[in-house]
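Here's the structure we're looking at; comments come further down.
Counting convention: from 1, in listed order, for ligands and their atoms alike. FYI, the numbering just counts along the sequence from 1. For clarity, every value in this text was computed on a predicted model and none was experimentally measured.
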Amino acid sequence: MMCLFCKIASAQIPSDIVMQDDGFLCFKDINPVAKTHLLIIPKQHIESFEAVPSGLMADMTIFIQQLTRKLGISKSGYRLVTNIGDDGGQEVAHLHFHLLSGEKLTHIYKR
Ligand code: 5GP
Ligand code: ZN
């Protein structure tokens, strides 16, 4: 059984795609908590940050840096959040970074 984000990565479930390459996908969060609220995932299933190999994390970092340049927010700034496990409030067990931007972020993302 594919997880929700594996289905999104393979386009079995539609999403608003912002950017993708062979390894990674950025799409809009369905329930935004900031003016811009995007999710960045590896296309391969990795449960959380706890399980990510360092090489894949390095590639993901490059992807996110390309994305923030494309969005024009590398200078103005943004927030990256990844929730891990029960206490971290992770609801989808497929590694994802929340990218929040488009406004001055004063609020806490999750409490
Ligand atoms: P988590 O709580 O696991 O860190 O974040 C999961 C995120 O996925 C939430 O912000 C939620 O709004 C988003 N989400 C859940 N289901 C869907 C969906 O079907 N499509 C999209 N685009 N986002 C989703
Ligand atoms: Zn998955």
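- Any N or O atom pair closer than 3.5 Å counts here, and Phe5 shares no such pair with ligand 1.
- Atoms CD and CG, from Glu91 and Leu4 in turn, are 11.0 Å apart once rounded to the nearest 0.5 Å.
- Of the N or O atoms in Ser15, none lie within a sub-3.5 Å distance of an N or O in ligand 1.
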I'd like a table of donor-acceptor pairs (distance under 3.5 Å, sequence neighbours excluded) in which one partner is a side-chain atom from residues 67-75, with atom names and distances.
unit_1: Thr68; atom_1: OG1; unit_2: Ile64; atom_2: O; d: 3.4
unit_1: Thr68; atom_1: OG1; unit_2: Gln65; atom_2: O; d: 3.1
unit_1: Lys70; atom_1: NZ; unit_2: Val18; atom_2: O; d: 3.2

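- Among Leu95, Asn83, Ile41, the residue whose heavy atom sits closest to atom 4 (O) of ligand 1 is Asn83.
- Around CD of Glu103, the count of heavy atoms belonging to other residues, nucleotides or ligands within 6.0 Å exceeds 12.
- When ring centroids are compared, Phe63 and Phe97 stay outside the 6.0 Å threshold.
- Side chains of Phe24 and Met19 form no contact here, defined as non-hydrogen atoms less than 4.5 Å apart.
- Note on ligand 1: Gly89 sits in its first shell, one or more heavy atoms being nearer than 4.0 Å.
- Taking the six-membered ring where the residue is Trp, His98 and His37 present tilted rings, their angle falling between 30° and 60°.
- For ligand 1, the atoms lying closer than 4.0 Å to a non-hydrogen atom of Ile8 are 20 (N).
- Each protein N/O/S atom under 2.8 Å from the Zn ion (ligand 2) was counted, for a total of 4.
- Any N or O atom pair closer than 3.5 Å counts here, and His98 shares at least one such pair with ligand 1.
- Remark: ligand 1 and Gln90 share no N or O pair separated by less than 3.5 Å (distance only, no angle test).
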